[in-house]
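For ligands, and for the atoms within them, numbers begin at 1 and follow the listed sequence.
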Amino acid sequence: MATLRFKALEDALKRRPVEVTIPGEKISDYFGINVFDRIKMEKYLPKDANKAVLDAIDHGKRIDMKLADQIAMGMKSWAMSLGATHYTHWFQPLTENTAEKHDSFTVPTGRGTAIEVFSGALLVQQEPDASSFPSGGIRNTFEARGYTAWDPSSPAFVMDDTLIIPTIFISYTGEALDYKTPLLKALHCLDKAAVEVCQYFDKDVSRVNSNLGWEQEYFLVDEAVYNARPDLVLTDRTLMGHASAKNQQLEDQYFGQIPSRVLAFMKDMEYEAYKLGIPVKTRHNEVAPNQYELAPIFEETNLANDHNLLVMMVMRKVASRHNFKIILHEKPFAGINGSGKHNNWSVSTNTGVNLLSPGKTPRLNLQFLTFLVNTLVAVHDNNALLKASIASPGNQHRLGANEAPPAIISAFLGQQLTRMLDEIEQKVTDEKMSPEEKTAIKLDIGKIPEILLDNTDRNRTSPFAFTGNRFEFRAVGSSANCASAMIALNTALAVQLLDFKVEVDAVIEKGVKKDEAILQVLRRLIKKSKAIRFDGNGYSDEWKEEAAKRGLDCEAIVPLIYDAFLTPKSRELFKRAKVYNDVEMEARNEVRNDLYAKKVQIEARVFSDLAMNHILPTVIEYQAMLINSTQGLKNLYSADEYNVLASRRLKLIKEISDHIENIEDKVNEMLEARKEANLIEDAREKAIDYATKIFPYLDEIRYHIDKLELIVDNEKWPLPKYRELLFIR
Ligand code: ADP
Ligand code: MG
């Protein structure tokens, strides 16, 4: 039975780095060559058409249908010049993958010939057969109507032989069925709300963008060894496997030398990413063996997110060229670090100001404080929602596992900024300030850039940490669509800014000067959001207690965490920002819960199959051998000697029997629990059942299998072991 395992190990050992040849001498020779960017638009589009796209990108204007035809023609010529024969609308349904359906440009003329056709209508809107994408009941299957619509703000690109057009995906009745639609709405709302607030400081601000710089962590495993693990193939994680004698305890992997086979893969992947205009910047080893990270330079959030999804696609493809499998699961291996995707996030203006970075003048610093404090309030008031936005069946293994942020949202500011906020809280009052008080505060605020320069304390345990010119939202899972976190965060800030504006205007109305009014409101907000600030060790047990006392959300069961999406507060938030209506919110939670139950269900099935059909037969065979050989001793020894020897062997045989019984019993119990859960109609109730009654069995049974792995003959063990999965080069 172990033959597949040994064949796989043999194959893996034989591998050498796959040679990669990269044309061009420097990255700039091929950066973005497969992207229909502004330069190519200028070349391939008539003036009017080009202007229409630019207006759509920069000012959100609608594109006239006649011009859309011209744009489509230009795009087609460009794509065909790169050898494209097909086109597709690329969208982000509520699964974990992106979706596409390729159509050929070719249309027969009816006279035995064919021509390449691509029109404005085909560019702007398509109707994929949408019935099999999750919709939470918005779109009944008999209607099966959903359509995709072009998002001109994310440029089209060519991959292989296909022109790919980024699109949103909505139901026939207008509800979003994807991640991109609400993300664009959230970004739009933030833009409007933030511009209004920026007007207090600079009349030239007419546009505010949200920026995202993601850091993608992943594991690489040799393809042959991966394929010998049905759990990896079907669930993207190992459901069993004893820890390797050596794993990450020597701390020799992080920033260590990258193995040559992996380096070849990285170069190849980066080359593909550069051609797609993705500004890949850093690559390094991560903490766990075979774990790596890739990070680009940050970009506008919608584009950055498309680029992340694209990179995940490219990674999978390039990995297979190098006989690797890429694992994006948040916790593919127990006992070693899992993978996350830090979301570095900031907001900036068309005038080139990063609103989360202190500036050179007191005025710019007050603006910085305004955005910093409003962000803290947004995170404070919506901490449960933000946690819900990153919760997933995979991420539940990682959060709170002493390597990743706990299942509690808090924000880290560092000593100096904390002191600054404390001073504002103490010094500013609702009374009119004396000129001396004003000067003192101004001086304090003026010092911010300096204090931040030596702000070296970086807290690695905080889920939402300020790092000098941005926040790092670290709780996001490695396989996630960042849009989920970005929708929640940007919407929360947008709505908070709307409230802020109203409050400040009301104070100004009372005759208070603008700067003073802003400071007064900031002081109130600093007080109000204090509970979210935590600079201590987020991994500690004391913090869990303290957080509960502070009233922060401490729920740890995923389907119950999802409830935060449907509280009156969250509903109000999303409706005010025009991001979701009630139907969409309810539908989405149904999809989330449904996905949760299905994932655990699949894991439970795969687990039972492995336990009963792979592990137990091997164990029983080994035990039979032990029994036989024990009996054989009888002929060799005197009765007394035999009794001593046999009693030791019997102990081992009994130990094995105990594990076998435990496994059989628990697998049966888990099956019964599943039968009951499957009768539940309500998606939420069902997910809760899967989380609380079925999920715990997986670890319980695993314990016994992992123990057996240490007992049973290595030659017989059917599944590649952790050391074989993680240390193969
Ligand atoms: P780390 O020390 O966290 O690994 P890096 O220098 O690798 O930091 O940066 C991580 C990511 O943060 C990169 O994508 C980078 O472009 C991004 N980043 C830097 N500044 C900002 C900013 N102002 N807004 C958003 N992202 C940023
Ligand atoms: Mg980081």
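H397 and E330 share no donor-acceptor pair across their side chains, judged by distance under 3.5 Å alone.
Close contacts of ligand 1 with I297, meaning ligand atoms under 4.0 Å from a residue heavy atom, involve 16 (O). Within ligand 1, counting atoms from 1 as listed, the ones closer than 4.0 Å to a heavy atom of P296 are 13 (C), 14 (O), 16 (O). Applying the 4.0 Å criterion to heavy atoms of G213 picks out, from ligand 1, the atoms 14 (O), 26 (N). Interface atoms of ligand 1 facing N354, defined by a heavy-atom separation under 4.0 Å, are 23 (N).
At a heavy-atom distance under 4.0 Å, only side-chain atoms of E472, from C-beta outward, approach ligand 1. Of the heavy atoms in K281, none comes closer than 4.0 Å to ligand 1.
Using cut-offs of 30° and 60° on the angle between ring planes, the pair Y274 and Y30 is tilted. Ring planes of Y580 and F574: perpendicular class, angle over 60° (limits at 30 and 60°). Ring-plane geometry between Y292 and Y218 is classed as tilted, the angle between the planes lying from 30 to 60 degrees on a 0 to 90 degree scale.
Nearest heavy-atom pair, C482 versus N343, reported as atom, atom and distance to 0.1 Å: CB-OD1, 3.5 Å.
Cation-pi contact between R261 and F324: present, with separation from the ring centre below 6.0 Å and deviation from the ring axis of at most 45°.
Inclusion of E293 in the set of residues having an N or O under 3.5 Å from an N or O of ligand 1 is not warranted.
Of the candidates E299, R470, R474, R470 brings a heavy atom nearest to atom 9 (O) of ligand 1.
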